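To start, the structure under review is shown below, and the notes come after it.
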Number of protein chains: 2
Amino acid sequence: MPPTGKGGRYHHGDLRAALIETAIELIGEHGVRGFSLAEASRRLGVAVSAPYAHFADRSDVLAAIAVRGYQAFAAELAPYEDPALPPAGRLAAMASAYVRFAAAQRPLFEVLYDADVDKDRHPELAAAEKPVRDAFDCSVAALTGGDEVPTRDLATALEAAARGYALFYLDGQFGEGAAAVDEAAARAARATLALIASRGLLSGP
Amino acid sequence: MPPTGKGGRYHHGDLRAALIETAIELIGEHGVRGFSLAEASRRLGVAVSAPYAHFADRSDVLAAIAVRGYQAFAAELAPYEDPALPPAGRLAAMASAYVRFAAAQRPLFEVLYDADVDKDRHPELAAAEKPVRDAFDCSVAALTGGDEVPTRDLATALEAAARGYALFYLDGQFGEGAAAVDEAAARAARATLALIASRGLLSGP
DNA sequence: GTCTATACCCGGATAGAC
DNA sequence: GTCTATCCGGGTATAGAC
């Protein structure tokens, strides 16, 4: 993403897109907590006020990043939506994909699940999330037959476990490097299968 | 925790303890992210420089809070350490206690599992964590017979699930109020039992 | 659409008086 | 042990020129 050609600075193809790109970089370096519009502007060589021509405020940038995050994640899940495949295997693959997504796109994952972007102030987020929800919920329903309570209880358990493994990985508890990702993803997949196998225990007594 | 009696301000019984107390309050209001020594000082009516007589810096305060957090959590787990009880039930109770602790002591929970207090710079944390680790690990080992790999794999799965449920609760996904806590805790306990029941699926193929 | 400039608020941390 | 005072750096956001 180099300058568009006029001068040394950023004058300018698409500052909006460049800001999102740079913000993601910065979140990768300092975490969501430490990201600021000011630093992004500096890195792009524009004035600190420039972003305000494209975004209302800081949280508006995070919301835009979140939308991209949901799109990227939905794309990862797409291969496992095929209803012809066995539901348990699909869910295990999705758990694995969840952990891998957290690893490969850590900044996006953080924005989705760690930044608290106000979903009321940014309604487009709910829409962006829907494909992800659907991919997951459909597979769970395929497994439970669609009965209300067991479906919800199993879905919650699977999500909780996947999130837990992803966080453990991000905390470095599996170590660093490709092997760590593989291990975390594999364990998440196995835990998914274990929960599915004993799903009868998940709903009330 | 009112003033010690001299004047209207805080002059002073135990500023160190009062700071910890106030910091926990503030974390409850703004999250770990938003807590600052300056605001704590203001709330206590002391100079912003006063804390530095008791703590090296901001992270030192968080470390002190973390120590208290581990102590409080260990106390919650104590009833379930009894080796006479069945291990599966103990682990289910611990998962439930984990979620309840997150709910009842949210600020402490955040400091323990969300603030990244540098464990190298604050070695006392490892010591404080040990009772918690032990309570949990012993119960898992009692269940698996102590074999290295299955013990670690099951422990990871149970922790991941409990953490996931706690986060879901804190995100408000179970709703608000006492009923929400009960539900989240109950589901965490059931998921624990489900994972234990299918623990054969957790270790490699 | 981007600039310069600015107003404003916040935080961490230190020096030196009492 | 606490105060006052201060330095320094950082961020958000706006106004007005080009």
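Computed from a prediction, not measured in an experiment: that's the story for all the values here. We name chains A, B, ... by the order of the sequence lines, and we start the count at 1 in each one. What's counted below: heavy atoms across the whole structure, side chains too, no hydrogens, waters or symmetry copies.
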For [X] and [N], what is the distance between atoms [atom1] and [atom2] respectively, to the nearest whole Å?
X: B:Arg33; N: C:dC10; atom1: CZ; atom2: C1'; answer: 18 Å
X: A:Leu19; N: C:dG1; atom1: CG; atom2: P; answer: 13 Å
X: B:Leu26; N: C:dC10; atom1: CG; atom2: P; answer: 14 Å
X: B:Phe55; N: D:dT2; atom1: CZ; atom2: P; answer: 11 Å

**Message:** Testing the 3.5 Å rule here: is there a donor-acceptor pair between the side chains of B:Arg187 and A:Thr156?
**Reply:** yes
**Message:** Please check this pair: side chain of B:Asp82 against backbone of B:Ala84, looking for a donor-acceptor N/O pair closer than 3.5 Å.
**Reply:** yes
**Asked** Within the distance-only criterion (no hydrogens, no angle test), does the side chain of B:Asp147 pair as donor or acceptor with the backbone N or O of B:Pro150 below 3.5 angstrom?
**Response**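 No, the answer is negative, given that no donor and acceptor are paired below the 3.5 Å cut-off.
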**B:Glu21: which of B:Arg68, B:Arg16, B:Arg43 passes salt bridge (charged side-chain N to carboxylate O under 4.0 Å, His left out)** =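 Considering B:Arg68, B:Arg16, B:Arg43, a salt bridge (charged side-chain N to carboxylate O under 4.0 Å, His left out) with B:Glu21 is found only for B:Arg68.
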**Complete:** Its contact letters, B for base, S for sugar-phosphate only and - for none at protein heavy atoms under 4.0 Å, make nucleotides 11-18 of chain C read SSBBB---
**Request:** Could you label the plane-to-plane angle of the B:Phe174 and B:Phe168 rings as parallel, tilted or perpendicular, counting under 30° as parallel and over 60° as perpendicular?
**Result:**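 Ring orientation, 0 to 90° scale: tilted.
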**Request:** Check A:Arg58 against A:Val32 and note the closest heavy-atom contact, atom names and distance.
**Result:**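 Where A:Arg58 meets A:Val32 most closely, the heavy atoms are NH2-O, 3.2 Å.
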**Request:** Could you tell me whether B:Ala50 contacts a base, only the sugar-phosphate backbone, or nothing, with contacts defined as non-hydrogen atoms closer than 4.0 Å?
**Result:**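 Answer is sugar-phosphate: B:Ala50 comes under 4.0 Å of backbone atoms only.
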